[in-house]
Trainee: 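Once you've had a glance at the structure underneath, I'll fire off some questions.
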There are 2 protein chains.
Amino acid sequence: MLSISSKCRYGILAVLALGENHGGGLMQIKDIATAKNVPRQYLEQIFNRLVNAGIVNSVRGKKGGYRLAHSPEKITIFDLVEVLEGGVQLVGINEPQDAVSELFGRAQVSLKKTFEITLADLIVRQQALLENVMFHI
Amino acid sequence: MLSISSKCRYGILAVLALGENHGGGLMQIKDIATAKNVPRQYLEQIFNRLVNAGIVNSVRGKKGGYRLAHSPEKITIFDLVEVLEGGVQLVGINEPQDAVSELFGRAQVSLKKTFEITLADLIVRQQALLENVMFHI
DNA sequence: TTAAACTTGAGTGCTCCGCTCAAGATAACC
DNA sequence: GGTTATCTTGAGCGGAGCACTCAAGTTTAA
């Protein structure tokens, strides 16, 4: 089954939370885990990846936490997918030039385009969705 | 790593071969395996799936083989991906209405669109590629 | 020094991938 | 009617990754 892992979904949700809080100080993993309903220890692993990839900064010790390493305009969801999913590679680099590889290549390009939205854009979209929910109450 | 399995690639290549031969009788698995450079016994498994899905017909016994169950105009590559990859499900059906799920939904749609090309179209494209190769010799 | 936070490494049960092996069942052909 | 070429079915196997959990760390504020 071609699907996106929970790891990736969890990671994007967590980074989205950091993005919504950008400039507002540190966020702690237990709060994010609770808010987004993600197993805390699993989220720790995910944050490790993000820290190692330089997307997120960590501060250790009491009153520690995480924050974005760059502004939301400079982070794309594709960056996150690469780190969390280990890349997107529908077509191998050494494949013969046949119609099937060509098709897979097109699929890969369209997927990449979809994910090349910035975190800033995603935050805006998320707020729009929230307002929509408010409107319907 | 988000990627398409060899199984899927092999299967599409094999169905492409059947499609190119459509109306020309049966093809045998050993010939397809040799032509497309796929392990024969593995290709047998793949053909079983395609037969069970009603995409391909098999004829047993000596002089047996495989053929398409429908004309290439009626088979889409998405059909094949569903059977061989077990579906494409970037966004779960019970996910909250957040910006991340929405994005995954868009990715899924664009992937589906790319794969909704018919086998007939793929055959045409493959022939065009072959002619192009000839031209460059 | 204590407690709250991140860090690191290991382990676990599960499923799938990419095959291979070993028998079958079926049908054409001599 | 037996051989032989084909498809069919079921099993197994090593490796990888998923989705976690467990168990210790280390660091820092208070």
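Below, chain A is the first sequence line, B the second, and so on; all start at residue 1.
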Trainee: At under 4.0 Å, does any side-chain N or O of B/Lys63 touch on OP1 or OP2 of C/dA27?
Mentor: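 False: B/Lys63 side-chain N/O out of range (4.0 Å or more) of C/dA27 OP1/OP2.
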Trainee: Looking at A/Val15, A/Val59, A/Leu50, A/Val51, which hits side-chain contact (heavy atoms from CB on, under 4.5 Å) with A/Tyr66?
Mentor: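 Exactly one option meets the side-chain contact (heavy atoms from CB on, under 4.5 Å) with A/Tyr66, and it is A/Val51.
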Trainee: Could you go through A/Asp98 and B/Arg9, starting from their C-alpha distance and side-chain angles, then the distance that decides it, and tell me whether this counts as salt bridge (Lys or Arg N to Asp or Glu O under 4.0 Å)?
Mentor: CA-CA 11 Å; A/Asp98 58 27; B/Arg9 211 184 114 69; 3.7 Å; yes
Trainee: Atom CG of B/Asp31 and atom C1' of D/dC7: how far apart are they, to the nearest Å?
Mentor: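 Interatomic distance, CG of B/Asp31 to C1' of D/dC7: 14 Å.
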Trainee: Report which part of the nucleic acid A/Phe47 touches: base, sugar-phosphate, or nothing (heavy-atom distance under 4.0 Å, all strands).
Mentor: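 The answer is nothing, as A/Phe47 stays clear of every strand by at least 4.0 Å.
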Trainee: Dump the intermediate steps for side-chain contact (heavy atoms from CB on, under 4.5 Å) on B/Glu102 and A/Gln126, then the final yes or no.
Mentor: CA-CA 9 Å; B/Glu102 198 185 57; A/Gln126 176 70 19; over 6 Å; no
Trainee: What is the separation between atom CD1 on A/Ile46 and atom C1' on C/dT8, rounded to the nearest whole Å?
Mentor: 16 Å
Trainee: Would you indicate what B/Gly86 reaches in the nucleic acid, counting non-hydrogen atoms under 4.0 angstrom: base, sugar-phosphate, or nothing?
Mentor: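 It contacts nothing in the nucleic acid.
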Trainee: To the side chain of B/Gln28, which of D/dT6, C/dA3, C/dT7 is closest?
Mentor: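 Of all the options, the side chain of B/Gln28 is nearest to D/dT6.
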Trainee: Does A/Asn37 have more than 12 heavy atoms from other residues, nucleotides or ligands lying within 6.0 Å of its CG?
Mentor: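 Result for CG/A/Asn37: open.
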Trainee: A/Leu50 has an atom CG; how far is it from atom P of C/dC6, in whole Å?
Mentor: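 My rounded result for the distance is 13 Å.
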Trainee: Rounded to whole Å, how long is the line connecting atom NZ of A/Lys62 with atom P of D/dA29?
Mentor: 11 Å
Trainee: Send over the distance from A/Asn48 CG to C/dA5 C1', rounded to a whole Å.
Mentor: 13 Å
Trainee: If I take atom CD1 in residue B/Ile29 and atom P in nucleotide D/dT8, what distance separates them, rounded to the nearest angstrom?
Mentor: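 Rounded to the whole Å, the gap is 8 Å.
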Trainee: Distance check needed: D/dT6 C1' versus B/Asn57 CG, whole Å only.
Mentor: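 Checked: the CG to C1' distance equals 16 Å.
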Trainee: Could you check how far CG of A/Leu43 sits from P of D/dA19, rounded to whole Å?
Mentor: 14 Å
Trainee: Are the side chain of B/Glu131 and the backbone N or O of B/Ala128 linked by a donor-acceptor pair below 3.5 Å?
Mentor: no
Trainee: Return a single string for nucleotides 11-22 of chain C, one symbol per nucleotide in 5' to 3' order, where B is base contact, S is sugar-phosphate-only contact and - is none, cutoff 4.0 angstrom on heavy atoms.
Mentor: ------SBBBB-
